[in-house]
Amino acid sequence: MLDIKRIRNDFEDVKERLQTRGVKGEELNELKDLDEKRRELIQESEKLKKYRNDVSSQIAEKKRNKEDATDVIAEMKKVGEDIKAIDSELEQLKEQIDNIAAGLPNLPHPSLPVGEDEASNVLVRKWGEPVTFDFEPQPHWDLGTDLGILDFERGAKVARSRFLYYKGLGARLERALYNFMLDMHTTEHGYEEIIPPYLANDEALYGTGQFPKFKEDVFQIKNHPLTLIPTAEVPLTNYHQKEILEEKDLPKYYTALSPSFRSEAGSAGRDTRGLIRLHQFNKVEMVKFSKPENSYDELEKMTNNAEAILQTLELPYRVVLLSTGDTGFAAAKTYDLEVWIPAQNTYREISSCSNTEDFQARRAMIRYRKESDGKIEYVHTLNGSGLAVGRTVAAIMENYQQADGSIKIPEALVPYMGGVTEIR
RNA sequence: GGAGAAUUGUCCGAGUGGCUUAAGGAGCACGCUUGGAAAGCGUGUAUACGGUUUUCCGUAUCGAGGGUUCGAAUCCCUCAUUCUCCUCCA
């Protein structure tokens with residue numbers, strides 16, 4: 001949620017910057033008009049309420065003195081009706097305003113490349129060299145099926161397409177990976193480990209920005225007002241929903257492993273095979289609550305934390321700064337980490353690290369008390385994958401495959417695999 | 001799932017329709033007092049929105065949302081959460 005006062009005061013600037021994210025100017029003009037109308041009505045309503053409060057205490061006084069107050073009571077009845085009429089109009093206005101405001105994306109950080117889509121993204125850095133194979137590298141779904149460690153057919157039979165069974169050392173590899181990631185974040189990067197709820201209510205999903213605009217992307221539970229989380233960002237960020245934190249406790253770092261459930265509406269036909277695009281996948285998520293002045297340093301650090309995982313696994317990757325048009329709804333600035341996928345001969349997204357500034361904090365009411373003057377301000381919230389586990393399994397399988405279809409286990413993972421050095 | 005009780009400010013806690021601008025206490029901050037501390041005394045101690053512009057003023061907020069009333073912390077309805085008992089369960 002953007003600050004309505006900021007929209008009011010820096011109208012042209014906000015409008016210009018939001019237009020780089022695909023927001024229509026007329027929408028903002030309408031918002032501005034509604035806001036002005038609302039403020040006028042607030043004044044009217046409050047004036048009447050003041051009057052009613054004053055007269056009501058006079059009535060009380062009269063009653064105590066056993067005087068007659070019939071006339072004034074009759075008048076107040078009328079005033080009460082007027083207030084009710086204005087307030088219901090106000091409520092409608094508020095709803096219209098919220099409908100627009102809740103659908104506005106975050107303001108892009110000035111450092112973002114301006115552009116409509118991923119074509120305008122900027123390469124920040126590259127790490128590692130893609131392996132060269134002296135044989136034709138196979139896609140991970142063929143490797144996994146042949147080795148009997150991934151079973152997509154049965155996943156489709158029991159759930160539907162885009163679900164799978166991991167089996168044997170495949171399941172072990174997935175488990176090894178997320179344990180490795182959690183250990184690294186908790187022992188080396190300073191995150192506190194959390195196991196959150198995997199279902200969340202509408203308020204939580206509103207808080208992080210999935211609702212109301214992106215309802216079609218999630219799975220909702222029939223007959224219950226609950227939604228399967230599309231990312232642990234939802235329960236982690238909303239952990240401090242409606243709280244006032246102490247400045248001395250900031251920054252706070254949390255990490256959690258959770259499944260992520262996504263309906264993938266609108267991506268029919270894309271990445272239909274393999275571990276890249278599933279309705280359910282495990283992800284280790286990182287979330288930070290930061291003071292505003294430090295949040296961009298924290299974003300760099302968080303991105304480095306995700307990179308450290310890839311580096312330790314010795315997987316080649318690159319870091320990309322997303323353009324205004326490609327940046328997600330809640331984010332002010334996002335770095336994507338893309339890992340090398342040999343069989344596709346390209347880099348694929350494996351992590352996304354974002355600073356939402358106070359966008360989510362406003363929606364979820366997450367604030368902190370400053371030590372210097374005791375004033376209360378919104379915190380900045382950050383989130384990043386560290387990493388998407390399924391896609392990491394895919395990357396390892398493809399990058400570490402051998403000519404005979406077996407898969408070598410990255411050195412850092414061997415202890416987590418109980419000493420297993422390859423899957424064959 | 002059934003029955004009952006509860007939810008008031010940072011905390012404890014009073015409050016069954018108007019002298020409540022939420023009593024009283026604790027805590028915290030500042031000041032007085034003191035050689036220093038404690039005690040004592042005094043003052044202050046929320047959030048949001050709107051107006052004003054650095055000072056105030058107004059409105060709203062007693063778990064949430066509705067309703068009754070000239071007027072609601074207080075009466076009515078719905079919901080949430082917590083506790084106790086029963087039932088079930090990993």
Side-chain angles (χ1 to χ4, degrees), chain A residues 1-11 31-102 195-207 211-212 221-227 235 238-249 358-379:
Chain A
M1 184 77 84
L2 300 175
D3 183 0
I4 187 76
K5 285 179 194 160
R6 175 144 186 210
I7 298 177
R8 209 180 278 158
N9 298 334
D10 296 331
F11 187 71
L31 182 65
K32 192 183 180 202
D33 292 344
L34 290 168
D35 178 53
E36 273 165 25
K37 182 90 209 283
R38 175 169 169 264
R39 280 183 294 153
E40 278 171 31
L41 282 181
I42 283 175
Q43 288 183 54
E44 261 184 67
S45 167
E46 290 190 349
K47 221 163 78 187
L48 286 176
K49 282 175 185 164
K50 160 92 173 125
Y51 181 52
R52 180 179 67 185
N53 287 345
D54 289 346
V55 176
S56 282
S57 54
Q58 287 169 26
I59 292 173
E61 179 92 35
K62 287 192 177 189
K63 292 268 178 183
R64 258 177 270 131
N65 299 335
K66 311 275 184 224
E67 291 171 38
D68 178 65
T70 321
D71 293 356
V72 220
I73 286 175
E75 193 202 343
M76 281 305 104
K77 199 178 172 82
K78 173 78 173 60
V79 171
E81 281 161 12
D82 290 348
I83 291 173
K84 209 172 261 190
I86 295 173
D87 279 356
S88 86
E89 200 178 335
L90 264 174
E91 206 175 309
Q92 282 176 32
L93 268 177
K94 182 84 167 73
E95 205 171 301
Q96 289 176 53
I97 288 168
D98 285 347
N99 278 345
I100 298 176
I195 300 178
Y198 300 153
L199 298 178
N201 59 31
D202 289 3
E203 214 176 344
L205 283 141
Y206 175 84
F211 284 6
I221 306 298
K222 198 175 176 182
N223 299 330
H224 295 276
L226 289 168
T227 299
N238 281 289
Y239 182 74
H240 288 304
Q241 183 197 93
K242 295 188 202 128
E243 290 182 18
I244 296 171
L245 308 172
E246 294 301 327
E247 180 173 353
K248 64 175 166 45
D249 296 331
D358 63 5
F359 186 85
Q360 293 179 325
R362 259 174 214 291
R363 293 168 87 101
M365 289 294 283
I366 308 167
R367 297 173 291 174
Y368 78 105
R369 191 183 301 279
K370 293 201 284 180
E371 267 162 20
S372 53
D373 55 6
K375 287 265 166 27
I376 288 170
E377 254 186 36
Y378 291 104
V379 301

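Chain naming here is simple, since letters A, B, ... match the order of the sequence lines and numbering starts at 1 in each.
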Any side-chain N or O of [X] under 4.0 Å from OP1/OP2 of [N]?
| X | N | answer |
| --- | --- | --- |
| A:N53 | B:G58 | no |
| A:R367 | B:A48 | yes |
| A:R39 | B:G51 | yes |

What I want to find out is whether A:K37 reaches A:E89 closely enough, with some N-O distance under 4.0 Å, to be called a salt bridge.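 The answer is yes: the pair qualifies as a salt bridge.
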I need the [X] [atom1] to [Y] [atom2] distance, nearest 0.5 Å.
| X | Y | atom1 | atom2 | result |
| --- | --- | --- | --- | --- |
| A:S45 | A:R52 | OG | CZ | 8.5 Å |
| A:I366 | A:Y378 | CD1 | OH | 10.5 Å |
| A:E61 | A:E67 | CD | CD | 8.0 Å |
| A:I376 | A:K370 | CD1 | NZ | 11.0 Å |
| A:I4 | A:K32 | CD1 | NZ | 11.5 Å |

Strand partner of [N], provided both Watson-Crick or wobble distances fall under 3.5 Å:
| N | value |
| --- | --- |
| B:U81 | B:A6 |
| B:U61 | B:A46 |
| B:U68 | none |

Whole angstrom is fine here: how far is it from [atom1] in [X] over to [atom2] in [N]?
| X | N | atom1 | atom2 | result |
| --- | --- | --- | --- | --- |
| A:Q58 | B:G18 | CD | P | 18 Å |
| A:E46 | B:A48 | CD | C1' | 11 Å |
| A:K47 | B:U52 | NZ | P | 13 Å |
| A:K375 | B:U45 | NZ | P | 14 Å |
| A:L90 | B:U59 | CG | P | 16 Å |
| A:E371 | B:A29 | CD | P | 13 Å |
| A:E40 | B:C49 | CD | C1' | 16 Å |
| A:Y368 | B:U10 | OH | P | 19 Å |

Looking across every strand, which nucleic acid part, if any, lies under 4.0 Å from A:K94 by heavy atom: base, sugar-phosphate, or nothing?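 Counting heavy atoms under 4.0 Å across all strands, no contact is made by A:K94.
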Answer with base, sugar-phosphate or nothing: what part of the nucleic acid does A:I376 contact at a heavy-atom distance below 4.0 Å?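 Sugar-phosphate contact only - A:I376 comes under 4.0 Å of backbone atoms but never of a base.
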Where each residue is assigned the nucleotide of RNA chain B containing its nearest heavy atom, which of A:E61 and A:M365 is assigned the position nearer the 5′ end?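 Between the two, 5'-proximity favours A:E61.
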Please confirm whether the backbone N or O of [Y] pairs with a side-chain atom of [X], one donor and one acceptor, at under 3.5 Å?
| X | Y | result |
| --- | --- | --- |
| A:R363 | A:A102 | yes |
| A:Q360 | A:G207 | no |
| A:N201 | A:A204 | yes |
| A:D35 | A:L31 | no |

For a quick check, tell me whether the side chain of A:Q43 and the base of B:G51 share a donor-acceptor pair closer than 3.5 Å.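 No, the side chain and the base share no sub-3.5 Å donor-acceptor pair.
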C1' atom, B:A72 versus B:U8: distance in rounded Å?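 The same atom, C1', in both gives a distance of 14 Å.
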Which whole number of Å gives the distance between the C1' atom of B:A48 and that of B:A39?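 My reading of the C1' atoms in B:A48 and B:A39 gives 40 Å.
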Of the residues in residues 2-10 of chain A, which ones touch RNA chain B at a heavy-atom distance under 4.0 Å?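 Here the set is A:K5, A:R8.
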If the sugar-phosphate is the primed atoms plus P, OP1 and OP2 and the base is the rest, what is the B/S/- string for nucleotides 70-81 of chain B, using protein heavy atoms under 4.0 Å? BS----------
